[in-house]
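Input: a single structure, listed below in structure tokens.
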Amino acid sequence: MSNNDQNVSEQQEQRRKNLEKMKELGVDPYPHEFEVDTTAREILDNPAWVQEEDDQEKVHVSVAGRMMTQRVMGKASFFNLQDSTGTIQVYIRRDDVADEELGRDLYNKVFKKLLDIGDIVGIKGYIFRTGTGEVTIYAEHFEVLGKSLRPIPIPKEVEIDEGETKVYDAFADKEQRYRQRYLDLLVNPDVRETFKQRTEMIQIMRDHMNEQGYLEVETPILQPIYGGASAEPFETHHNALNMKLYLRIANELYLKRLIVGGYKGVYEFAKDFRNEGISRFHNPEFTQVELYVAYKDYEWMMEFVEQMIENIAQQLHGSTEIDVGDHTIDFSTPWPRIPMFEAIEDETGMDLYGADLEELRKAADELSVEYEEEDGKGKLIDNIFEDSVEPQLIQPTFITDYPIEMSPLAKKHRSKEGLVERFEVICNTKEIANAFTELNDPLDQRERFEEQARLRAEGDEEAMTIDEDFLRALEYGMPPTAGLGIGIDRLAMIMTNSPSIRDVLFFPLMRPE
RNA sequence: GGACCGGUAGCUCAGAUGGCAGAGCAACGGCCUUUUAAGCCGUGGGUCGAGGGUUCGAUCCCCUCCCGGUUCACCA
């Protein structure tokens with residue numbers, strides 16, 4: 001879009017004219033800086049600053065932000081100034097802001113005529129209280145800091161009862177909110193709060209892991225061999241090396257190499273990419289934190305993760321109980337631990353531990369669980385579990401001890417035949433964490449990879465490929481290790497009571513406009 | 001990819017067996033020195049998501065397409 005763009009609305013045209021007129025008056029609509037010394041929040045939080053009596057000393061402040069409403073009453077006006085912390089009312093009078101260059105024109109023309117809602121302004125003045133009791137800045141100096149050329153949506157919040165507010169004309173169209181997140185953030189304060197909480201959540205986790213002495217690391221996003229999960233990758237190409245590369249679907253195999261390298265614990269908040277469907281719970285790029293700790297097992301990891309997440313709830317909401325949708329979720333530890341086959345038996349009455357393929361198909365048929373002809377035992381069990389157990393699990397629950405077929409990177413269970421030492425945390429009917437005692441036996445790992453390769457040859461496009469360098473690393477020796485992955489977006493959805501993953505991603509993937 | 005719902009002014013939304021397209025806020029011109037969804041008087045603003053079809057006439061009915069939401073399938 002250029003200045004010559006013919007598709008400007010009447011209101012955009014008006015704003016461009018106002019911009020020109022400002023320049024003609026010698027007002028710079030885009031100055032280089034403004035000295036801010038106070039925020040709206042600070043003013044509202046400091047009642048002592050308010051000049052209540054005429055003989056009281058004035059507290060002078062310098063604030064900047066966007067003008068969101070304007071109430072002009074002839075020679076004086078009120079407007080609301082929104083900064084990063086909130087909204088403060090400003091009272092501005094013609095004769096009190098008149099300056100040497102423009103005199104009364106600063107108010108009569110610049111403020112009253114040429115300033116538009118959404119413009120960014122700077123105010124210097126003192127704090128007083130209006131007749132109706134609202135803490136307000138009495139402007140003694142006013143200047144334009146950034147002209148806005150497009151009308152912004154203007155939700156109006158009205159207080160109905162004590163604390164009860166009603167919002168009129170909210171900027172509500174989800175498509176526009178996702179496409180123009182800057183507007184969404186600007187006019188919907190709860191959106192700013194949601195993303196702030198997401199960041200705080202990540203910070204709490206980072207602190208929690210740093211306190212244990214684990215090292216935050218970075219590993220490749222562009223990978224010649226993708227691995228660590230079962231998923232379709234995005235493909236790309238490196239020109240200079242003339243080489244096919246994949247955007248990572250997980251960073252597991254790299255982090256385990258670092259454990260081989262001798263660190264006691266490593267973690268990474270990693271953007272992963274999966275070339276699969278988009279839904280309320282899936283975005284093609286999403287964030288996981290993965291953590292690997294040497295000399296620990298999955299039992300230890302269960303305690304670690306439940307404490308970390310309880311801690312998040314506590315710090316974010318001051319309580320271990322959080323309202324999510326229609327439910328109240330209680331993160332107080334310890335969380336129940338239910339072996340997968342027990343969970344299935346509890347819900348279906350069927351004991352499928354040790355069942356062969358035929359028996360599993362029969363069970364799936366009885367439960368009306370769909371499956372494909374080529375699905376193996378692992379897939380069948382997974383489907384049965386997802387259909388019968390997951391929808392029942394609202395409170396955070398550890399599901400433990402998964403079939404070996406669905407866990408090619410997990411260590412065999414120390415006592416249960418055919419299972420691995422793995423757990424998932426299910427919360428609000430969704431998986432939010434996945435962990436296992438890591439497979440560190442290089443010969444076993446090679447067999448598992450080869451089994452994956454067989455599945456792949458049979459047409460399973462999500463089966464893993466053999467990573468020879470990873471095997472070589474294991475052959476040098478990896479200590480017993482516990483590994484964990486947490487879906488950051490999914491957890492953020494729960495912690496912020498957001499119904500869609502798009503509500504916790506600033507810029508969810510959208511088709512081009 | 002399937003099903004269902006939606007797209008009308010800058011924002012939120014009405015609307016009509018198919019007959020000049022509406023409201024509130026926003027904008028524009030006036031009045032107003034403690035207002036607060038400020039108020040009062042006046043004015044302008046629309047390719048009714050896009051393209052075809054039916055019709056004297058389509059924003060409305062039919063078809064195709066685009067974009068979004070929810071949901072199912074796949075996945076985390």
Side-chain angles (χ1 to χ4, degrees), chain A residues 7-15 17-18 68-80 87-96 107 112-113 116-118 128-134 136 138 148-160 165-180 183 187-188 228-232 249-250 272-288 370-372 379 382-383 386 390 424-426 430-434 461-462 485-491 493 499-502 508 510-513:
Chain A
N7 296 324
V8 294
S9 69
E10 182 196 26
Q11 294 194 39
Q12 284 172 265
E13 208 170 307
Q14 184 61 41
R15 281 167 183 249
K17 281 183 190 159
N18 290 346
M68 300 302 277
T69 67
Q70 195 185 28
R71 296 179 289 281
V72 177
M73 292 164 302
K75 300 180 187 68
S77 298
F78 288 93
F79 67 93
N80 290 345
T87 301
I88 183 86
Q89 179 171 264
V90 179
Y91 180 57
I92 179 167
R93 303 211 310 186
R94 183 191 68 188
D95 296 341
D96 292 320
Y107 177 84
K112 264 172 71 176
K113 295 290 177 188
D116 294 303
I117 286 171
F128 79 117
R129 194 185 296 277
T130 64
T132 52
E134 181 160 349
T136 301
Y138 194 115
S148 163
L149 294 182
R150 288 174 181 267
I152 68 174
I154 320 135
K156 304 213 164 172
E157 202 171 317
V158 184
E159 196 161 334
I160 299 167
T165 57
K166 182 174 181 183
V167 177
Y168 293 83
D169 294 345
F171 181 53
D173 184 276
K174 284 194 171 182
E175 178 175 357
Q176 291 202 65
R177 289 178 50 204
Y178 297 145
R179 288 190 191 280
Q180 297 185 268
L183 283 183
V187 302
N188 293 325
S230 300
E232 284 274 321
I249 58 172
D272 291 335
F273 306 84
R274 298 188 184 174
N275 205 343
E276 290 163 354
I278 295 176
S279 79
R280 196 153 69 86
F281 297 98
H282 301 88
N283 194 64
E285 56 180 292
F286 65 104
T287 305
Q288 282 198 100
E370 290 180 17
Y371 58 91
E372 305 289 329
K379 185 74 184 165
D382 203 25
N383 285 359
E386 279 176 13
E390 265 192 9
E424 289 191 358
V425 176
I426 313 291
K430 290 284 167 188
E431 175 198 336
I432 59 169
N434 180 21
E461 304 213 334
E462 290 184 348
I486 298 177
I488 292 295
D489 314 289
R490 293 269 177 94
L491 187 58
M493 285 169 68
S500 170
I501 195 168
R502 297 181 195 96
M510 305 281 280
R511 283 199 161 88
E513 286 178 82

| For A/Phe78 and B/A38, are the ring centres under 5.5 Å apart with planes inclined under 30°? | no
| request: Take the protein atom CD1 of A/Ile154 and the nucleotide atom C1' of B/A26, then report the distance between them rounded to whole Å. | output: 5 Å
| query | In terms of the nearest nucleotide of RNA chain B, which residue is placed more toward the 5' end: A/Ile278 or A/Tyr178? | reply | A/Tyr178
| query | Taking the P atom of each, how far is B/U12 from B/G49, in whole Å? | reply | 14 Å
| task | Determine the contact category for A/Arg280: base if any of its heavy atoms lies under 4.0 Å from a base atom, sugar-phosphate if only primed atoms, P, OP1 or OP2 are that close, otherwise nothing. | result | sugar-phosphate
| message | Please report the distance, rounded to the nearest Å, between CD in A/Gln11 and P in B/U43. | response | 18 Å
| Expressed in whole Å, how much space separates the P atoms belonging to B/U70 and B/A37? | 34 Å
| message | Please confirm whether the shortest side-chain N or O distance from A/Arg71 to OP1 or OP2 of B/U34 is below 4.0 Å. | response | no
| Side chains of A/Tyr371 and A/Lys379 in contact at under 4.5 Å (non-hydrogen atoms) | no
| remark: Against the side chain of A/Pro151, the closest entry in B/G68, B/A27, B/G10 is B/G10
| Parallel, tilted or perpendicular: ring planes of A/Tyr91 versus A/Phe128, cut at 30 and 60 degrees | tilted
| request: Kindly determine whether A/Asn283 and A/Asp489 satisfy side-chain contact (heavy atoms from CB on, under 4.5 Å), including the steps that lead there. | output: CA-CA 9 Å; A/Asn283 194 64; A/Asp489 314 289; over 6 Å; no
| Among B/C32, B/A76, B/G69, the one nearest A/Phe286 by side-chain distance | B/A76
| said: Taking only side-chain N and O atoms of A/Lys156, does any of them lie within less than 4.0 angstrom of OP1 or OP2 on B/A26? | reply: yes
| query | Is any N or O donor-acceptor pair between the side chain of A/Glu175 and the base of B/G7 shorter than 3.5 Å? | reply | no
| Does B/C4 have a Watson-Crick or wobble mate here (both distances under 3.5 Å), and if so which one? | B/G69
| query | Any sub-3.5 Å donor-acceptor pair from A/Arg71's side-chain atoms to A/Phe78's backbone N or O? | reply | no
| Is the phosphate of B/G68, meaning OP1 or OP2, less than 4.0 Å from a side-chain N or O of A/Arg511? | yes
| said: Is any side-chain heavy atom of A/Pro284 closer than 4.5 Å to one of A/Ile278? | reply: yes
| message | Once you apply a heavy-atom cut-off of 4.0 Å, does A/Arg177 come out as touching a base, just sugar-phosphate, or nothing? | response | nothing
| request: Indicate, with a heavy-atom threshold strictly under 4.0 Å, whether A/Asp272 touches base, sugar-phosphate, or nothing. | output: nothing
| query | What distance, rounded to whole Å, do you find between the two P atoms, one in B/U47 and one in B/C32? | reply | 37 Å
| field | Distance in Å, A/Arg490 CZ paired with A/Phe286 CZ, rounded so as to fall on 0.5 Å steps | value | 8.5 Å
| said: Just verifying a value: how many Å separate A/Asp272 CG and A/Thr287 OG1, rounded to the nearest 0.5 Å? | reply: 8.0 Å
| remark: Note: for A/Asp169 and A/Asn80 on RNA chain B, the residue whose nearest nucleotide lies more 5' is A/Asp169
| said: Need the pair for B/U17. Rule: Watson-Crick or G-U wobble, both distances under 3.5 Å, any strand; none if unpaired. | reply: none
| task | For A/Val187, report the nucleic acid contact type (base, sugar-phosphate, nothing); a contact means any heavy atom under 4.0 Å. | result | nothing
| task | Rounded off to whole Å, could you give me the CZ-to-C1' distance for the A/Arg490 and B/A76 pair? | result | 4 Å
| query | Taking atom P of B/A38 as reference, at what distance in whole Å does atom CE of A/Met68 sit? | reply | 13 Å
| query | Quantified in whole Å, what is the C1' atom distance between nucleotide B/U55 and nucleotide B/C61? | reply | 10 Å
| field | Spacing of A/Gln176 atom CD relative to B/G49 atom C1', expressed in whole Å | value | 12 Å
| request: Can you tell me, in whole Å, how much space there is between the C1' of B/C63 and that of B/A27? | output: 39 Å
| remark: Answer for the Watson-Crick or wobble partner of B/G39, both distances under 3.5 Å, is B/C31
| For B/A23, which nucleotide in any strand shown is its Watson-Crick or wobble partner with both distances under 3.5 Å? | B/U12
| message | Counting only side-chain heavy atoms from C-beta out, which of B/A38, B/G69, B/A27 sits nearest to A/Met73? | response | B/A38
| said: Within the 4.0 Å heavy-atom criterion, would you say A/Ala229 contacts the bases, only the backbone, or no part of the nucleic acid? | reply: nothing
| Contact class for A/Lys113 vs. all strands (heavy atom < 4.0 Å): base, sugar-phosphate, or nothing? | sugar-phosphate
| field | d(CD, A/Gln89; P, B/U33) in whole Å | value | 17 Å
| request: Sticking with atom P, work out how far B/A58 lies from B/C20, rounded to a whole angstrom. | output: 12 Å
| message | Could you tell me how far apart A/Glu13 (CD) and B/A27 (P) are, to the nearest whole angstrom? | response | 16 Å
| message | Using 0.5 Å steps for rounding, measure from the CD atom of A/Gln12 to the NZ atom of A/Lys17. | response | 13.0 Å
| said: Check this one for me: any side-chain N or O of A/Lys75 less than 4.0 Å away from OP1 or OP2 of B/U33? | reply: yes
| message | Strictly by Watson-Crick or wobble contacts shorter than 3.5 Å, is anything paired with B/A50, and which nucleotide is it? | response | B/U64
| request: Indicate, with a heavy-atom threshold strictly under 4.0 Å, whether A/Arg15 touches base, sugar-phosphate, or nothing. | output: nothing
| task | Give A/Lys379 one of three labels, base, sugar-phosphate or nothing, depending on what nucleic acid heavy atoms sit under 4.0 Å from its own. | result | sugar-phosphate
| said: Pairing check on B/G57: which nucleotide meets the Watson-Crick or G-U wobble criteria with it, both distances under 3.5 Å? | reply: none
| task | Assess whether one donor atom and one acceptor atom, taken from the side chain of A/Glu10 and the base of B/A27, lie less than 3.5 Å apart. | result | no
| To the nearest angstrom, how far is A/Lys174 atom NZ from B/C5 atom P? | 18 Å
| query | Is A/Glu134 side chain donor-acceptor paired with the B/U34 base, going by distance under 3.5 Å alone? | reply | no
| request: Describe the nucleic acid contact of A/Asn383 in one word from base, sugar-phosphate, nothing, applying a heavy-atom distance below 4.0 Å. | output: nothing
| Roughly how far, to the nearest 0.5 Å, is CD of A/Gln89 from OG1 of A/Thr87? | 11.0 Å
| message | Taking only the P atom of each, what is the distance from B/G44 to B/A23 in whole angstrom? | response | 11 Å
| task | Considering only atom C1', compute the distance from B/G7 to B/A50 and round it to an integer number of Å. | result | 11 Å
